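Everything numeric in this text was worked out from a predicted model, so none of it was measured. Heavy atoms only: backbone and side chains are in, while hydrogens, waters and symmetry mates are out.
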Amino acid sequence: MPVSGLPPYDKSNIFARILRGEIPATKIYEDEHVLAFHDIAPQAPVHALVIPKGEYVSLADFAATAPAEVIAGFWRIVAQVAKDLTLEVSGYRVLTNMGVHGHQEVPHFHVHIFGGRPLGRMMPRTDD
């Protein structure tokens, strides 16, 4: 069910539980600020998630409240994970959802990395 993407942070969300070790994840990368892991219900041959370890509800919250070095480090790791998954040559898609219209389902900022096959159009064209 979509969530608003606005604070307050819900400490019971699935990614918070993964960060606390309550739910297992197949880790790709981890440091003191970031965790990357394989999605349990992949939508492409390669489907990874990258999440910050801080309590950020959405990209809006992360951009507004995270320290600049954490933001820069996070995006560097997103690119590094895509490279480590050998997606650079064939290409990949990075996606984050924010709020109800963006169909955000987990109230913890996260980025999806999709690849491993042609992904097609992101959205259908609209005739205005």
Ring centres under 6.0 angstrom apart (Phe15, Phe109): no
Ring geometry between His112 and His110 (parallel below 30°, tilted from 30 to 60°, perpendicular above 60°): perpendicular
Mutual orientation of the aromatic rings belonging to Phe114 and His47 [parallel < 30°, tilted 30-60°, perpendicular > 60°]: tilted
Check against ring-ring contact (aromatic ring centres under 6.0 Å, His included), Tyr29 and Phe37: CA-CA 7 Å; Tyr29 175 89; Phe37 54 96; over 10 Å; no
Side chains of [X] and [Y]: does their closest heavy-atom pair fall under 4.5 Å?
X: Phe62; Y: Thr96; result: no
X: His108; Y: Pro52; result: yes
X: Leu85; Y: His38; result: yes

Interatomic distance, [X] atom [atom1] to [Y] atom [atom2] [nearest 0.5 angstrom]:
X: Met98; Y: Ser4; atom1: CE; atom2: OG; answer: 7.0 Å
X: Asn97; Y: His101; atom1: CG; atom2: NE2; answer: 13.5 Å
X: Gln104; Y: Leu59; atom1: CD; atom2: CG; answer: 9.5 Å
X: Leu35; Y: Glu30; atom1: CG; atom2: CD; answer: 5.0 Å
X: Leu19; Y: Lys11; atom1: CG; atom2: NZ; answer: 12.5 Å

Evaluation steps, side chain to side chain contact (heavy atoms under 4.5 Å, CB included), between Thr86 and Glu88: CA-CA 6 Å; Thr86 67; Glu88 284 189 329; over 6 Å; no
Minimum heavy-atom distance between [X] and [Y], given as atom pair plus value:
X: Ala82; Y: Tyr92; value: CB-CZ, 3.4 Å
X: Pro7; Y: Val57; value: CA-CG2, 3.9 Å
X: Gly116; Y: Pro45; value: O-CG, 3.7 Å
X: Asp10; Y: Ser12; value: OD1-OG, 2.6 Å
X: Gly5; Y: Ser58; value: O-OG, 2.6 Å

Partners meeting side chain to side chain donor-acceptor pair (under 3.5 Å) with Gln43 (sequence neighbours left out): none
Arg93, CZ atom: more than 12 neighbouring heavy atoms under 6.0 Å: yes
Over 12 non-hydrogen atoms of neighbours within 6.0 angstrom of CD1 in Ile40: no
Step-by-step side chain to side chain contact (heavy atoms under 4.5 Å, CB included) determination, Val111 to Phe74: CA-CA 10 Å; Val111 168; Phe74 177 85; 3.7 Å; yes
Common cluster, Val81/Ile18, ILVMFWY with side-chain heavy-atom separation under 4.5 Å: no
Cluster overlap Val70 with Ile77, hydrophobic side-chain contacts below 4.5 Å: yes
Side chain to side chain contact (heavy atoms under 4.5 Å, CB included) partner of Ile113, chosen from Val46, Leu95, Ile28, Leu87: Leu87
Check against side chain to side chain contact (heavy atoms under 4.5 Å, CB included), Ile14 and Ile23: CA-CA 8 Å; Ile14 190 166; Ile23 296 174; 3.8 Å; yes
Pair Glu32 + Lys53, salt bridge at N-O below 4.0 Å: no
Trace of the side chain to side chain contact (heavy atoms under 4.5 Å, CB included) decision for Val78 with Val94: CA-CA 8 Å; Val78 169; Val94 173; 4.2 Å; yes
Side-chain donor/acceptor of His33 to backbone N/O of Ile71, under 3.5 Å: no
